[in-house]
Amino acid sequence: MDKKLGVKILGTGSYFPKKVLTNADLEKMVETSDEWISSRTGIKERRIAKKNEYASDLAFNASVEALKAANISEKEIDLILVATITPDMFFPSTACFLQTKLGLNSSPAFDLSAACSGFIYGIAVARAFIESGLYKNVLLVGAEELSKITDWTNRDTCVLFGDGAGAMVLSASEENYDVLSTYIGADGSYSNLLFIPAGGSANPATVETVNAKMHTMKMQGRDVFKVAVLKMAYAAEKALELSDKKLKDIKLFIPHQANMRIIEAVAKKIGISMSRVFVNIYKTGNISSATTITALDEAIKTGKLQKGDIVELIAFGGGFTWGAAVIRI
Ligand code: ACO
């Protein structure tokens, strides 16, 4: 009998725009302070893309790095997935723009919209395609330019977000089972707590919607906070259960970097010490679908993870959506 197909993680990469926006810079833009932002969120600075630098450009740079780490040619990629809520355009997909930038023209390519849980959803989708035998090598990217959907006059939200991209190459294997489990969930009844009201078919863009800044993110921060902690802890437990691993088997927990206080509350709820949790939010801000993958890439590059280590990625986002994945590096 044929062996079951598993998923091997071949390599990761990441890319951040050059421009750094510090809390001191924000103090000059809105009524806020480094003290308020640091103590409430853990964020010190974030990266901001240039006007003519698109999500697909960040995705391309991260992909080049991931392909290099994977030691595989772009020509061997047979499916491109991009998780994003800040696509270059509504359509064509950012995955199609990325495909062209990579010099490819026939592999299927599509975007995936699950807000900050996008990369975890992407691992689940890539895994399903690979394990079913449909595709062999999948390029999965989380790419965001949240700076372009932020209201820079609203201190409630503008201090939280940033730009960046991360990529992973996943491949079919009969020997390697690097994706031990994925768990994803959603509850659309929370859609009014974190959303962009206009620009879609519900409220097509008009002069009025733009003047009212309805094309920028709106958020009920306190409510998001509470549900995020509950659902991230729940997803972490479910994915662990599905992986047949125990808390002690996980070398590093990599939660979505939305807010330091959310991360600490999730760690407490799961019952792990912060020394086992990877944090880089202080220099990235919240970059939605790109947080877990860029954090994973940094943990690998800085030697916090070694080949064979088991990691749990945990995320939560607009929708609401949530998810976790237990993977071997
Ligand atoms: N600087 C200074 N003061 C501010 C700022 C700011 N940037 N933003 C808000 N305030 C003020 C408010 O106006 C309010 O003033 P008031 O008491 O005079 O009315 C006061 O600070 C307290 O505001 P709250 O919103 O109650 O502050 P809170 O302690 O809840 O912190 C925060 C706000 C950081 C947004 C928090 O609710 C949070 O982290 N929520 C989670 C949201 C999140 O992470 N969203 C990301 C997207 S979802 C995701 O990725 C999981």
Side-chain angles (χ1 to χ4, degrees), residues 21-46 83-86 113-121 142 144-164 166 184-188 190-197 216-236 254-267 269 277 279-282 284-295 313-324:
L21 185 76
T22 64
N23 290 350
D25 296 327
L26 280 163
E27 285 175 357
K28 293 178 205 135
M29 296 160 63
V30 288
E31 203 185 321
T32 191
S33 64
D34 173 46
E35 196 283 318
W36 193 98
I37 302 170
S38 304
S39 63
R40 295 296 219 289
T41 72
I43 303 167
K44 284 287 189 189
E45 59 185 45
R46 66 290 288 146
T84 186
I85 49 164
T86 49
S113 173
C116 306
S117 312
F119 200 82
I120 310 290
Y121 269 62
E144 302 286 7
E145 296 196 346
L146 298 173
S147 66
K148 294 186 179 163
I149 55 166
T150 294
D151 175 357
W152 289 103
T153 63
N154 181 353
R155 68 177 184 175
D156 291 347
T157 49
C158 76
V159 300
L160 300 174
F161 301 102
D163 302 338
I184 51 177
D187 184 346
Y190 289 109
S191 57
N192 59 330
L193 297 184
L194 182 56
F195 68 123
I196 295 182
T216 61
M217 271 183 288
K218 310 295 169 211
M219 182 183 74
Q220 301 294 327
R222 288 204 162 190
D223 297 325
V224 173
F225 194 110
K226 284 181 214 147
V227 190
V229 174
L230 289 177
K231 293 299 186 188
M232 283 174 76
Y234 178 73
I254 303 187
H256 172 46
Q257 312 281 308
N259 180 307
M260 192 59 199
R261 290 187 305 159
I262 294 180
I263 295 173
E264 285 167 350
V266 170
K269 209 158 172 48
V277 179
V279 173
N280 67 357
I281 189 173
Y282 59 92
T284 63
N286 181 349
I287 42 173
S288 193
S289 69
T291 59
T292 48
I293 176 59
T294 49
L313 309 179
I314 313 159
F316 177 86
F320 287 150
T321 59
W322 53 86

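FYI, the numbering just counts along the sequence from 1. Since this is a predicted model, take the numbers as computed values, not measurements. Note that ligands are numbered from 1 as they come in the structure, with each ligand's atoms numbered from 1 the same way.
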Atoms of ligand 1 close to Asn286 [distance to a heavy atom under 4.0 angstrom, numbered from 1]: 46 (C), 47 (C), 49 (C), 50 (O)
Donor-acceptor contact below 3.5 Å, side chain Asn286 vs main chain Asn259: no
With distance as the sole criterion, is a donor-acceptor pair present between the side chains of Thr22 and Glu45 under 3.5 Å? no
Give the residue and atom name of whichever protein heavy atom lies nearest to atom 26 (O) of ligand 1, and the separation in Å to one decimal. Arg222 NE, 2.8 Å
Considering non-hydrogen atoms of the protein only, which is the closest contact for atom 1 (N) of ligand 1, and what is the distance? Thr32 OG1, 2.6 Å
Sidechain-backbone polar pair: Thr32 side chain, Arg155 backbone, donor-acceptor under 3.5 Å: no
If you count the atoms of ligand 1 from 1 in the order shown, which ones are under 4.0 Å from a heavy atom of Leu194? 47 (C), 48 (S)
among protein heavy atoms, the one nearest atom 31 (O) of ligand 1 is Arg261 NH2, 3.6 Å
Ser289 side-chain N/O to Ala83 backbone N/O, donor-acceptor pair under 3.5 Å: yes
Do the side chain of Asn23 and the main chain of Glu35 share a donor and acceptor less than 3.5 angstrom apart? no
Donor-acceptor pair, side chain of Tyr234 and main chain of Gly323, under 3.5 angstrom: no
Nearest neighbour in protein (non-hydrogen) for atom 29 (O) of ligand 1: Arg40 NE, 2.9 Å
Would a 4.0 Å cut-off, counted as strictly less than, catch a protein heavy atom around atom 14 (C) of ligand 1? no
Please write down residue, atom name and distance for the protein heavy atom closest to atom 10 (N) of ligand 1. Trp36 CZ2, 3.4 Å
Going by the atom numbers of ligand 1, which of them fall below 4.0 Å from some non-hydrogen atom of Ala258? 44 (O), 49 (C), 50 (O), 51 (C)
Candidate with minimal heavy-atom separation from atom 11 (C) of ligand 1, of Gln220, Glu27, His256, Arg155: Arg155
Against heavy atoms of Val159, which atoms of ligand 1 measure under 4.0 Å? 7 (N)
Donor-acceptor check, side chain of Thr41 to backbone of Ser38, threshold 3.5 angstrom: yes or no? no
Between Lys218 and Thr216, a side-chain donor and acceptor under 3.5 Å: yes
Would you check if the side chain of Trp152 reaches a backbone N or O of Ser147 as a donor-acceptor pair within less than 3.5 Å? yes
Looking at atom 17 (O) of ligand 1, would you say a protein heavy atom lies below 4.0 Å from it? no
With respect to Gly221, determine whether any N or O atom, backbone or side chain, lies less than 3.5 Å from an N or O atom of ligand 1. yes
Side chain of Glu144, backbone of Thr86: donor and acceptor closer than 3.5 Å? yes
Would the distance check show the side chain of Ser117 and the main-chain N or O of Ile120 forming a donor-acceptor pair, the cut-off being under 3.5 Å? no
Is atom 37 (O) of ligand 1 near the protein, in the sense that some protein heavy atom lies at less than 4.0 Å from it? yes
Please state whether Cys116 comes within less than 4.0 angstrom of ligand 1, counting heavy atoms only. yes
Using atom types as modelled and distance alone, determine if a side-chain donor or acceptor of Gln257 lies under 3.5 Å from a backbone N or O of Pro255. yes
My question is simple, although I want it checked carefully: is atom 8 (N) of ligand 1 less than 4.0 angstrom from any protein heavy atom? yes
Are any of the N/O atoms in Asn259 less than 3.5 Å from those in ligand 1? yes
What protein heavy atom lies closest to atom 42 (C) of ligand 1? Include the residue and the distance to one decimal. Met219 SD, 3.6 Å
Within-cutoff protein neighbour (heavy atom, under 4.0 Å) for atom 48 (S) of ligand 1: yes
